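Reckoned from all heavy atoms, side chains included, excluding hydrogens, waters and symmetry mates. Bear in mind the structure is a predicted one, so any value in this text is a computation, not a measurement. Chain identifiers are assigned alphabetically (A, B, ...) following the order of the sequence lines, protein sequences preceding nucleic acid strands; residue numbering begins at 1 within each chain.
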Amino acid sequence: MKELSFDVVVLGAGGAGVGAALAARAEGATVAIVERLDRSGGILNQCIHDGFGLHRYKEALTGPEFAARLNTEAKLGSDPGLTLLTGRFVRDIDPEARRLILVSESGLEAVTCKALVYAAGARERPFGSLLIPGDRVSGIFTAGVAQRLVNLDNRLPGTRALILGSGDIGLIMARRLTLEGIEVRAVLERLPYPGGLERNLAQCLHDFDIPLLLSTTVAEVRGKGRLEEVVTVQVDENHNPIKGTERSFAVDTLVLSVGLVPSTTPVMDLVTVDPRSRGVVVDAIMGTNRDWVFAAGNCTVIYDLVDYVTDEGIVAGRSAARFARGEPRPERLPIVRGRDVGVMNPSLWCPGQDLTLFLRPARPFAKARWVVRQGEGSSAAIIRETKAEILTPGEMERLKIPAAKLDPSKPLTVEVVPDA
Amino acid sequence: MVQRLEESRIEKPGLGNPMTVVVIGAGLVGTLVAREFCRRDCKVILVERGPDVGLGVSKANSGIVHAGYDDEPGTLRARFCVPGNAQWSVLADELDIDVQRIGSHVVAFRREDLNVLDELLARGVANGVPGLRILDQAELLQREPHLNPSALASLWAPSAAVTEPWQLVIAATENALENGLELRVGEEVTGFETDNGALKAVLTTKGRIPCDAAVNAAGLFADRVANLAGDESVPLRPRRGEYILLNKFTAHDLVNSVLFPVPGALGKGMLVTPTVDKGILLGPTAEDLPRSLKDDRATTGAGLDKIVASARHMIPSLDLREAVKVFAGNRPESPGKDFWITPSPRWQGLVHVGALRSPGLTAAPALAPWIVELVEKSLDTKLALRTDFQPRRKRIPSYLKELSLEELEKAVAEDPAAGRVVCVCNKVTEKEVVEAIRRGARSLDGVKFRTRALFGECQGGFCSHRILHIVAKELGVGEDELDYGLDGSWVVKGKVRP
């Protein structure tokens, strides 16, 4: 078995992993990226629509373009200190020896490292988790699988489709399938508001006259072998079906955009994973509870922009390289979740370190602000707040708080404050 | 329909001219009976209507090898459940399938349930069930710490086991094929041809199969097949059972054994059980359907709600967001509530096997040799045992989970496909997928039930397109021609670009 050794090993060559590698290299570490698939880029490779890189590169790039730009930035392929190991699957991680066993078609490799960055991305929530009744049929695809079939495998998943879920992937697939001649009858959203970005609602649905049916979900699926019929139903504010609102759609394809789940099962025994979100629990420098392991990207929380994913990867890679050369890990303190915080990452802050918070509200607000306070009760002082505006769970907020503004002795709280 | 000729005695098959047996239905009973005939000196043909083995009653059930305390003494159920339970260990060894003796509890929540536990204990003792014991609350909660603490006591049956029924169907078929079985899938029986009171041939959608004997193991359709032979049958009614399967990675430490409520009028009640794969299975509901809906395997909103309520009562901390799959199966119920196993009163060599409701799965391994005896008696003959029968079969190995590093390294050197991981969740390699196709998989489900690919928490999100590609390539067909599972369940249609 071939033995390899690096200062930092990164698992996953998507936007987070390559970002981590690039930052670890900038700190002088030797780095290897381990990738399961045959090339770098991760899910970006199948995202041929544009809109990537608006923050990082100030341009609307496609997914593959963003990945290529990032590879160039990281000198992937030309920097001898950065090794890309593709087609590798991690069979084991030995936490004591900090040694990984990789399997590939060319055999086994043992890779030893000083620090590890886990950047495995996310998986899609499967149809079975929705507990939707009906016949056992083919023709129900998660959006990523449909996207993969159409964009990379040159296959059409069906002829007439409904889309369940108005998250960004669902909206993008509504447009993509329409462009390829599939009749998209409607996009259904269980909540009374859409889940995806405003720009995607305009460019993917409105521009193609695809109806968005809010407060509507799938009641049952019917068919003999292949899907033939989807029955939809409207739901009340408690998500209970409203009798009499059922509609039947003759479709052979149902595409699901019902959420992503961080891919953390391979490291469940290695690091702390949030039992609710399934994300790896990280602190302000993207460190996990195990000192030599860091994590970044959608395996920690589901981001809405790859630019953010790469930025967090950069933080993780830098931290991993610094740990690998002997710098101690900073103290970790919990961030208190105040009112109406839906998603918050990281969940721990580190005194003396910059903090970048990624936030989604628990529900939509016509006008509200994000407020970060330190201290308790009436002595609490606001250290950062946003302008009051529309807040929806579909849009992620990024709040940067420099280390100098953080008082190491006081508790930190984040909350949503509605505008009166 | 029956093509009837003159009625008189059949001639016994002569020496050196082995008789031919047709087994109808490649479910659990059919495949085990076929394997049992393969031990003997005869030609065996297994005919299955579906596109693969084990897709009917055998596929979707609780997968419990019952201890045997439920069945009233005097029934075939009681007679064959306990010996069948023991036989599962023999089959696990011979056929390399998963059978885990994790034991079962019947959990009493009300004072009146305690009387039921006593009744079941007495019946179990009468049926010869080993190791039965009533556990008090303290011992029960110690063994099952996540159980609803209002549980009062349980009947503990250490011999109960969990398995996956399709594993045995696939394994028994593969082993029988090794021993000379002829398997014909996608072929439906349409009638019988008889002569002088004896069976001459089984007629199918693909032709005529001359034979000396036949076993009707057509599951929910055993009544129809018996009618085709002109025999009366018990009417078989589908009793729908719906299930919810929870993600094995997050839920598995909640339950240690099979947890039943006290049984009710429609059966053993809704259980919570670990699966052999460390997931958790919830269900089944029990709903009698019209006889016209035997092929209906739909789940229902009401059924799923019932499962959730019942499971939460048993294990209050269950997180239903961890569900990965819902499914339903139909059990073949008969008015007599017992197995219906009988030689044809009209045709020598024909035996009907139906109404294999619970504990049919448990009893099947003990029923198979008895069914062979019934055929022999019906023909007034005794088949010679073959000396060259090979009882052992090996499963497709899991290259990542079962092989040592040295073995894996060697395997990859011999075949790079052993190093290409296709299914991320269950760590299934391309080599396993290819092997499954060589062993008979013709669809995504065929690969799934033979390798565990597509069975994990992503439910094919990462691997279905790759498996589709591998199956198409191996079979030399287009991806458009492949089904997910049942006939008509196409996956992709046409290309984006030519």
Side-chain angles (χ1 to χ4, degrees), chain A residues 1 36 87-89 91-92 101 103-108 110 123-139 141-142 144-145 148-159 180-181 219-227 241 252 261 263 265-266 268 273 275-276 278, chain B residues 242 244-245 247 249-250 296-301 303-304 308 319-328 399-400 405 408-409 412-413 416-421 424-425 427 429 444 457-462 464-465 468-469 479-480 483-497:
Chain A
M1 188 160 50
R36 179 173 65 84
R88 261 71 165 193
F89 188 83
R91 180 184 180 273
D92 315 276
I101 304 292
V103 182
S104 74
E105 61 182 8
S106 44
L108 271 59
R123 65 179 169 89
E124 298 176 282
R125 195 171 277 290
F127 180 65
S129 70
L130 306 177
L131 304 185
I132 292 174
D135 291 321
R136 187 188 185 86
V137 290
S138 66
F141 300 89
T142 54
V145 172
R148 157 101 213 176
L149 287 170
V150 173
N151 290 353
L152 294 184
D153 293 350
N154 193 21
R155 301 284 162 201
L156 286 170
T159 60
E180 293 307 340
E220 60 181 56
V221 292
R222 291 286 162 210
K224 278 194 164 67
R226 178 74 185 202
L227 181 67
D252 58 23
V261 185
S263 273
T265 304
M268 290 209 52
V273 171
R276 276 198 71 81
R278 300 287 305 275
Chain B
E242 299 177 47
I244 300 175
L245 180 65
N247 188 353
F249 294 106
T250 51
D296 187 315
R297 295 203 197 98
T299 52
T300 66
L304 298 177
V308 170
D319 183 355
L320 268 299
R321 290 177 315 152
E322 293 300 340
V324 289
K325 186 92 190 161
V326 299
F327 62 93
Y399 285 84
L400 259 75
L405 289 179
L408 180 57
E409 193 148 44
V412 177
R420 286 195 282 266
V421 176
V424 184
C425 304
K427 303 181 183 176
T429 64
L444 294 186
E457 62 181 352
C458 87
Q459 290 284 301
F462 287 128
S464 51
H465 70 280
L468 195 66
H469 184 70
E479 290 172 20
D480 290 28
D483 283 328
Y484 200 105
L486 296 174
D487 288 334
S489 60
W490 55 274
V491 187
V492 292
K493 192 173 240 176
K495 291 187 171 181
V496 181
R497 304 273 175 271

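For a residue to count as touching a neighbouring chain, one of its non-hydrogen atoms must lie under 4.5 Å from one of that chain's; by this rule A:L227 does not touch chain B. For chain A, the nearby parts of B:L400 are the backbone and the side chain; heavy atoms of each come within less than 4.5 Å. Heavy-atom distances place the backbone of A:P275, and not its side chain, under 4.5 Å from chain B. Looking at A:D153, only its side chain comes within 4.5 Å of chain B, counting heavy atoms on both sides. The contact between B:V491 and chain A is made by backbone and side chain atoms together, counting heavy-atom distances below 4.5 Å. Contact annotation for A:V137: neither backbone nor side-chain heavy atoms come within less than 4.5 Å of a heavy atom of chain B. Heavy-atom distances place no part of B:L245 under 4.5 Å from chain A, backbone and side chain included. Interface residue B:V308: only side-chain heavy atoms are found under 4.5 Å from chain A. For A:R222, the part sitting under 4.5 Å from any heavy atom of chain B is the side chain, from C-beta outward, and nothing else.
The candidate with the highest count of non-hydrogen atom pairs below 4.5 Å against chain A, out of B:L486, B:V421, B:V326, is B:V421. Contact tally against chain B (heavy-atom pairs below 4.5 Å) for A:L130, A:V261, A:L131, A:N151: the top residue is A:L131. Considering only heavy-atom pairs separated by less than 4.5 Å from chain B, the leading option among A:G107, A:G139, A:P133, A:G225 is A:P133. Of the listed residues (B:E242, B:E479, B:H465), the one with the most heavy-atom contacts under 4.5 Å to chain A is B:H465. Between chain B and the options A:T142, A:T265, A:I132, A:N154, the largest number of non-hydrogen pairs under 4.5 Å is found for A:N154. Chosen from A:V145, A:L108, A:V103, A:V273, the residue pairing most often with chain B at heavy-atom distances under 4.5 Å is A:L108.
Contact detail for A:R123 and B:C458: the closest heavy-atom pair is CD-CB, 4.2 Å. A pairwise comparison of heavy atoms in B:A298 and A:D135 identifies CB-OD1, 3.2 Å as the closest pair. In terms of heavy-atom proximity, B:V424 sits nearest to A:R36 at CG2-NH1, 3.3 Å.
Salt-bridge annotation for A:E180 and B:R497: present, with a side-chain N of the basic residue lying under 4.0 Å from a carboxylate O of the acidic one.
A heavy-atom distance below 4.5 Å is found between the side chains of A:R91 and B:L408. Using a 4.5 Å heavy-atom cutoff, the side chains of B:K493 and A:T159 are in contact. A 4.5 Å side-chain heavy-atom check between B:H469 and A:R155 finds every atom pair outside the cut-off. A 4.5 Å side-chain heavy-atom check between A:R226 and B:D483 finds every atom pair outside the cut-off. Proximity of B:W490 to A:D252: side-chain heavy atoms (C-beta onward) are separated by under 4.5 Å at one or more points. Using a 4.5 Å heavy-atom cutoff, the side chains of B:F327 and A:R136 are in contact.
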* Should A:E124 and B:Q459 be marked as a side-chain contact (heavy atoms from CB on, under 4.5 Å) after you check the CA-CA gap, both sets of side-chain angles, and the distance that decides it? -> CA-CA 9 Å; A:E124 298 176 282; B:Q459 290 284 301; over 6 Å; no
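With sequence neighbours left out, A:L152 forms a side chain to side chain contact (heavy atoms under 4.5 Å, CB included) with A:R39, A:Q46, A:R148.
Separating the CZ atom in A:R276 from the CG atom in B:D319 is a distance of 7.5 Å, to the nearest 0.5 Å. Expressed to the nearest 0.5 Å, how far OG of A:S104 lies from CZ of B:R420 amounts to 10.0 Å. With rounding to the nearest 0.5 angstrom, the CD atom of B:E457 is 11.0 Å from the OG atom of A:S129.
Using a distance-only test at 3.5 Å, with no hydrogens or angles considered, a donor-acceptor pair links the side chain of B:T299 to the main chain of A:G134.
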